[in-house]
Amino acid sequence: MRPKSHSLEIHKRRIRRPFSVGEVESLVQAVEQLGTGRWRDVKLQAFENAKHRTYVDLKDKWKTLVHTAQIAPHQRRGDPVPQELLDRVIAANNYWAAHQAKEQAELEA
DNA sequence: GTTAGGG
DNA sequence: CCCTAAC
């Protein structure tokens, strides 16, 4: 059999790029202003010159941040994210969750 | 092309 | 990070 030449695959899987505390800061700041349903705008406003961060990546990072903020500090990994930022993540997440729920209610009304 | 969630 | 149904 032909040993599958993986070198021919062009599925350019991107390398891991742990978000720095600074990036988290920018992400939180942007979401506080734009919300959780406008990752395209978040990318443009806070990561316009970060070619390796797509709006999908930012959406995923927010998902992990919300989770990180809810688990015990000792089960978190990587460089510790300031509790102050995690608090803002929870606050912004709750705020926009209610905001979206409100829009849903108005939409079906 | 972007949103939204599971994989 | 990836994959992709829905829109």
Side-chain angles (χ1 to χ4, degrees):
Chain A
M1 290 297 104
R2 154 172 42 76
K4 299 182 180 178
S5 300
H6 291 181
S7 58
L8 292 180
E9 261 66 287
I10 51 181
H11 299 165
K12 296 178 180 177
R13 290 177 182 172
R14 296 175 298 164
I15 66 176
R16 274 205 65 163
R17 245 100 165 215
F19 278 70
S20 67
V21 175
E23 290 181 299
V24 173
E25 163 73 85
S26 297
L27 179 57
V28 173
Q29 152 67 57
V31 175
E32 291 179 323
Q33 305 179 177
L34 303 172
T36 297
R38 305 171 55 187
W39 304 109
R40 204 303 194 79
D41 294 322
V42 171
K43 199 285 188 282
L44 269 43
Q45 182 183 300
F47 292 79
E48 187 176 298
N49 58 10
K51 185 179 179 297
H52 58 285
R53 304 298 192 193
T54 71
Y55 44 81
V56 174
D57 293 327
L58 304 182
K59 180 266 297 177
D60 286 336
K61 180 53 183 177
W62 187 258
K63 176 174 59 179
T64 72
L65 270 178
V66 170
H67 182 240
T68 297
Q70 294 171 156
I71 62 179
H74 65 69
Q75 16 183 336
R76 296 170 187 166
R77 298 174 215 180
D79 22 301
V81 176
Q83 184 59 48
E84 178 272 337
L85 280 180
L86 295 178
D87 291 336
R88 289 167 65 187
V89 168
I90 298 301
N93 209 52
N94 290 333
Y95 178 84
W96 290 109
H99 201 282
Q100 291 189 351
K102 175 182 170 60
E103 300 184 328
Q104 274 304 308
E106 304 178 327
L107 190 60
E108 56 181 88

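Lettering follows sequence order; numbering is per chain, from 1.
Here the closest non-hydrogen pair linking Gly35(A) and Val42(A) is O-CG2, 4.4 Å. For Val28(A) against Trp62(A), the heavy-atom pair with the smallest separation is CA-CZ3, 4.0 Å. Summarising the geometry of Ser20(A) relative to Asp79(A), their closest heavy-atom pair is CA-OD2, 4.3 Å, with the distance given to 0.1 Å. Contact detail for Glu23(A) and Phe47(A): the closest heavy-atom pair is O-CZ, 3.4 Å.
One interatomic measurement links the two molecules: CD1 of Ile15(A) to C1' of dC1(C), which rounds to 12 Å at whole-angstrom precision. Atom NZ of Lys12(A) is separated from atom C1' of dC3(C) by 18 Å (rounded to the nearest Å).
Remark: side-chain polar atoms of Arg76(A) are paired, donor with acceptor, to backbone N or O of Ile71(A) under 3.5 angstrom. The backbone N or O of Val89(A) lies less than 3.5 Å from no partner atom in the side chain of Asn93(A), so there is not a single donor-acceptor pair. Side chain of Lys43(A) to main chain of Arg53(A): a donor-acceptor pair is present (N/O by atom type, distance under 3.5 Å, no hydrogens or angles).
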N/O to N/O distances under 3.5 Å, protein versus nucleotides 5-7 of chain C:
none

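Summarising the local packing, CD of Gln83(A) is surrounded by more than 12 heavy atoms from other residues, nucleotides or ligands at distances under 6.0 Å.
The distance from the CG atom of Leu65(A) to the NE2 atom of His67(A) is 11.5 Å, given to the nearest 0.5 Å.
The pair Arg17(A)-Asp57(A) does not count as a salt bridge, with every side-chain nitrogen at least 4.0 angstrom from each carboxylate oxygen.
Mapping heavy-atom proximity under 4.0 Å, the span of DNA chain B touched by chain A runs 5' to 3' from dT2(B) to dG7(B).
Taken residue by residue, residues 51-62 of chain A places heavy atoms nearer than 4.0 Å to DNA chain C at Arg53(A), Val56(A), Asp60(A).
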